[in-house]
Amino acid sequence: MEIEKNLLNALRQSMPKPIADRVIEADSNLSFDLGIDSLGLMTLSVNIENAYAINLVDHVEALMTVKSVSELQTLIHSVL
Amino acid sequence: MEKIRELGFGELRMHLLHSLGDGTTQGALHVRIEGELDDKYLESVVESLLIKLPVLRATIQKIDGRYYFCLADRNHHRNGFLDITVDKNSPNLWQARLEAENNLLLNSEEQLWRLVAVNYQSVNCWDLILVMHHALMDAAGSEFLLDQILGCLGNLYEIGSLESTDNVFPSLEEDAVTACEWEKYVGIQNNIKIKLASLNLQKHLSSVGLNERNTKSQYFQVNQDLVAQLEDFCEINQISLNSLFSAALLSSIALCTPDRKSFALFSAVSLRPLCQNVKERSLGCYLNVMPTVHSFSDDSVSSIISLSREHKIEVQRAFLNTGRWIPRNYDVAIVENMISTLANSNTFGNDIGITYAESGLAPQYGKLKVKHQYVTARRNIGNVALILHGLKSDRDIYFSLSHVEPLQSREWAILVKNKFLDLLLMINKSSFDTVKI
């Protein structure tokens, strides 16, 4: 699965600064590989909403179960 | 006085609450240091900081009906920021000292922080107490300030190379990518009120005037062995330590308050990542609280895990629904009126607050070792009747649990604290059982 540029940007903006240049792959784990903790997930959700012009309020539970980048991309497309 | 910028909505709200004379927005951070205090050098460091970081001289002034941060002159009140004393009492009595210092309210028109260094005669340790107005600094900002001071005292940093910042710190309201117009903010807040009101939450106690209330705190430590076990437990169950503590707090309060089934919890969340111009350690306050509502089922480990997961999801939901929206403008008269009515209020919010963070201080600064850190705040007015502050420093976690007398009794608060610790120990024991299986 190719990661969309919008999603890559949103992820990079939400990752901790010291590791923000880390390689992001479809199977990267949001928490372990990209350092996105629960606070980072809040920032990420805002960045995704802005990048895709969608509203994630009604999809919080699904968002919280997402583990990998590919799962996140799938979730975004289910909302679009 | 040099006018630097107008207060944002959150800052104005904190300033007006503070002006009621209650000190709701005043907090204090207590750090115990092992090693020798060079008090003359400490004076030099604080004086240098006041020059390097002009915002430390910020005050709040009302000019032509609006409120501004203004910079006091360099020599204005220069001795009022630092108080070095020798305490003849036992160093074990630091809790009373911390509360006494935090009960001395800052005059926002003169200064927004002060530092107290307490030396003891017979032991090789001393204390730093940073009393702060939250309009000027949140926990990250206060730790940045203490880090600069301790770094100099521990000979890690040179006074001349202390970090400097701009004359003004960024405003959450102007800088957050989720800033919104006042009308939208008011609509969102009204929706929350309707939701919370529909729960018909019972008050702990009511009808006690503001000037009859007194915040009392209990301080306790969770040592690194238990913390490590709890962290493992969280990883296995995919919950955060913050949510685990929230669930344990909710459960302990429910067990000590049998006549209530539902509780609102206000979790503090830093919105710094939403502010592009805010440095990791900028001064200023970038916190917001996420209100969530929970029901208690029982104190089994599985129920606490469920409650922790529910808390994690609900905080995220509260953030997306309400907590991210920050009003970039406001009507001064409406805000003034909203706060002034609280002065004569004899009712009281009935719910619970939690803050948990990892300390920004290093465990050691040269020969100076940080022995413990505790946060305290006055809660006489506000939405929360009981608040737990947790601060992880090195590998231990330091908690303070504050209640307000006579709204809540000391006996009840002690029961809550003991139950909270019992639950953490029970969770820890269960994680051992899991390993055995």
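Chain letters run A, B, ... following the sequence lines, proteins first and then strands; every chain starts at 1. Just the heavy atoms: all of them, side chains too, but no hydrogens, waters or symmetry mates, feed the values below.
Of the candidates A/Ile48, A/Asn50, A/Leu56, A/Asn55, A/Ile48 is the only one forming a side-chain contact (heavy atoms from CB on, under 4.5 Å) with A/Tyr52.
Using a 4.5 Å cut-off between heavy atoms, B/Arg324 touches chain A through its side chain atoms alone. Of the two parts of A/Leu41, the backbone and the side chain both hold a non-hydrogen atom closer than 4.5 Å to a non-hydrogen atom of chain B. With a threshold of 4.5 angstrom between heavy atoms, B/Gln238 approaches chain A through side-chain atoms but not through N, CA, C or O. With a 4.5 Å cut-off on non-hydrogen atoms, A/Gln13 does not touch chain B at all. If you measure heavy-atom distances from A/Met42 to chain B, the contacts under 4.5 Å come from both the backbone and the side chain.
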(request) Show your working on ring pair (Phe, Tyr, Trp, His ring centres under 6.0 Å) between B/Tyr185 and B/Phe9 and close with a plain yes or no. (result) CA-CA 11 Å; B/Tyr185 174 80; B/Phe9 168 72; 5.2 Å; yes
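For the pair A/Thr74/A/Ser78, no side-chain contact is recorded, criterion being any heavy-atom separation below 4.5 Å from C-beta on. Using a 4.5 Å heavy-atom cutoff, the side chains of B/Thr322 and B/Asn288 are not in contact.
Using cut-offs of 30° and 60° for the angle between ring planes, the B/Phe399 and B/Phe420 rings count as perpendicular.
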